[in-house]
Amino acid sequence: MKKCVVYLFGFITTILCCMVECYAEESYETYNEIMMVEGKLLRNFTEEEMREYMKNVQKRIFWGINVYTVNQAVEATYISSTLYNVENRGDTDVAYELDIVVDTSNKTVWSVSGNLSGTAKGSIKSFKTDLATKAGIDYSKTTTESKKETQKLKVTVERGSRAIVYLMGSGRITNGVCSCYMCFINVASCGFEYFTLVNQYPRMEKRKL
């Protein structure tokens with residue numbers, strides 16, 4: 001009996017390892033600020049909230065994913081990190097032409113918390129796509145349509161002032177919790193979040209030194 005259990009766990013571990021793929025997407029989590037019209041980001045879920053949400057995905061199934069969505073396609077706006085910070089401490093105005101890289105179409109990125117990110121060290125391809133489908137996200141479409149373009153921005157920095165350039169935009173956020181089962185065994189439980197970019201544009205502020 002013990003051997004059977006060992007073989008079963010070995011089989012499941014092998015499958016899980018084979019499903020792992022490299023994960024290196026640009027993360028929306030690096031943005032300076034994200035403001036949702038309602039709800040909260042995954043990183044702001046409390047431990048108590050996570051325990052309550054997890055109760056909704058504990059029903060065991062033979063194979064697949066149980067999903068509980070907390071926030072679905074909630075509108076959000078964001079401010080990215082600073083792209084340029086240009087000072088002019090001279091006596092005359094200075095003109096610059098800056099290259100700004102902007103996402104020109106939708107893309108979706110995701111993040112997870114819990115033992116999936118801690119053990120798999122990457123994304124699980126079928127897990128990611130199945131989870132997106134059950135959470136109501138057209139992950140494959142928004143990902144393949146993603147592209148970037150470089151825009152020219154002319155900036156005049158007056159003497160004794162600073163110009164700060166960053167990206168702003170809007171998106172939609174879907175998050176919640178899930179449990180992944182293989183042969184009725186819970187192999188991963190985690191919080192998940194998908195951020196779908198809607199638009200993005202550069203913004204400039206000027207401040208006195």
Is there a path from [X] to [Y] through hydrophobic residues (I, L, V, M, F, W, Y) whose side chains come within less than 4.5 Å of each other?
X: V112; Y: I65; result: yes
X: I173; Y: Y78; result: yes
X: L167; Y: M204; result: yes
X: V70; Y: F192; result: no
X: I79; Y: M36; result: no

Do [X] and [Y] come close enough that some side-chain heavy atom pair is under 4.5 Å?
X: V86; Y: V165; value: no
X: Y166; Y: Y84; value: no
X: V177; Y: S189; value: no
X: V94; Y: T156; value: no
X: K134; Y: Y68; value: no
X: L131; Y: V67; value: yes
X: Y181; Y: R60; value: yes
X: V109; Y: Y194; value: no

| task | Take D130 and T133, measure what side-chain contact (heavy atoms from CB on, under 4.5 Å) needs, and give me the verdict at the end. | result | CA-CA 5 Å; D130 290 349; T133 300; 5.5 Å; no
| request: Using distance alone, with no hydrogens and no angle criterion, decide if T108 and T196 have a side-chain donor and acceptor under 3.5 Å apart. | output: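 Looking only at side-chain atoms, T196 and T108 do form a donor-acceptor pair, the distance falling under 3.5 Å.
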On a heavy-atom basis, which atom in [X] and which in [Y] lie closest, and how many Å separate them?
X: S179; Y: N186; value: OG-ND2, 3.6 Å
X: S105; Y: K147; value: OG-N, 3.3 Å
X: V157; Y: E87; value: CG1-C, 4.5 Å
X: V102; Y: P202; value: CG2-CD, 4.2 Å
X: N66; Y: I61; value: OD1-CD1, 3.7 Å
X: N71; Y: K40; value: ND2-O, 3.4 Å

| said: side-chain contact (heavy atoms from CB on, under 4.5 Å), that's the test. Do W110 and E193 meet it? Break it down for me. | reply: CA-CA 5 Å; W110 82 313; E193 187 165 77; over 6 Å; no
| request: Decide side-chain contact (heavy atoms from CB on, under 4.5 Å) for R43 and E29; before the verdict, give the C-alpha distance in whole Å, the side-chain angles of both, and the deciding distance to 0.1 Å. | output: CA-CA 9 Å; R43 66 186 180 216; E29 294 177 296; 4.1 Å; yes
Where the side chain of [X] meets the backbone of [Y], is there a donor-acceptor pair that is under 3.5 Å apart?
X: D93; Y: R159; result: yes
X: T174; Y: Q72; result: no
X: E75; Y: V37; result: no

| message | For E48, is the CD atom crowded, meaning more than 12 foreign heavy atoms sit under 6.0 Å from it? | response | no
| request: Sequence neighbours left out, what passes salt bridge (charged side-chain N to carboxylate O under 4.0 Å, His left out) with E52? Give chain and number order. | output: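 Testing E52 for salt bridge (charged side-chain N to carboxylate O under 4.0 Å, His left out), a comparison that skips the adjacent residues, returns K55.
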Identify whether the distance between the nearest side-chain nitrogen and carboxylate oxygen of [X] and [Y] falls below 4.0 Å.
X: K107; Y: D103; value: yes
X: E158; Y: K206; value: yes
X: K152; Y: D99; value: yes
X: R51; Y: E49; value: no

Can you measure from [atom1] ([X]) to [atom2] ([Y]) and round to the nearest 0.5 angstrom?
X: F184; Y: F62; atom1: CZ; atom2: CZ; answer: 6.5 Å
X: L153; Y: Y96; atom1: CG; atom2: OH; answer: 13.5 Å
X: T82; Y: E205; atom1: OG1; atom2: CD; answer: 9.0 Å
X: R172; Y: T142; atom1: CZ; atom2: OG1; answer: 8.5 Å
X: R207; Y: S161; atom1: CZ; atom2: OG; answer: 12.0 Å
X: I100; Y: K148; atom1: CD1; atom2: NZ; answer: 13.0 Å

| Aromatic rings F195 and Y28: how do their planes relate, parallel, tilted or perpendicular, breaks at 30° and 60°? | parallel
| Derivation of the side chain to side chain donor-acceptor pair (under 3.5 Å) call for T77 and S170 | CA-CA 4 Å; T77 56; S170 62; over 6 Å; no
| task | Show your working on side chain to side chain donor-acceptor pair (under 3.5 Å) between N88 and R162 and close with a plain yes or no. | result | CA-CA 6 Å; N88 181 4; R162 171 191 290 121; over 6 Å; no
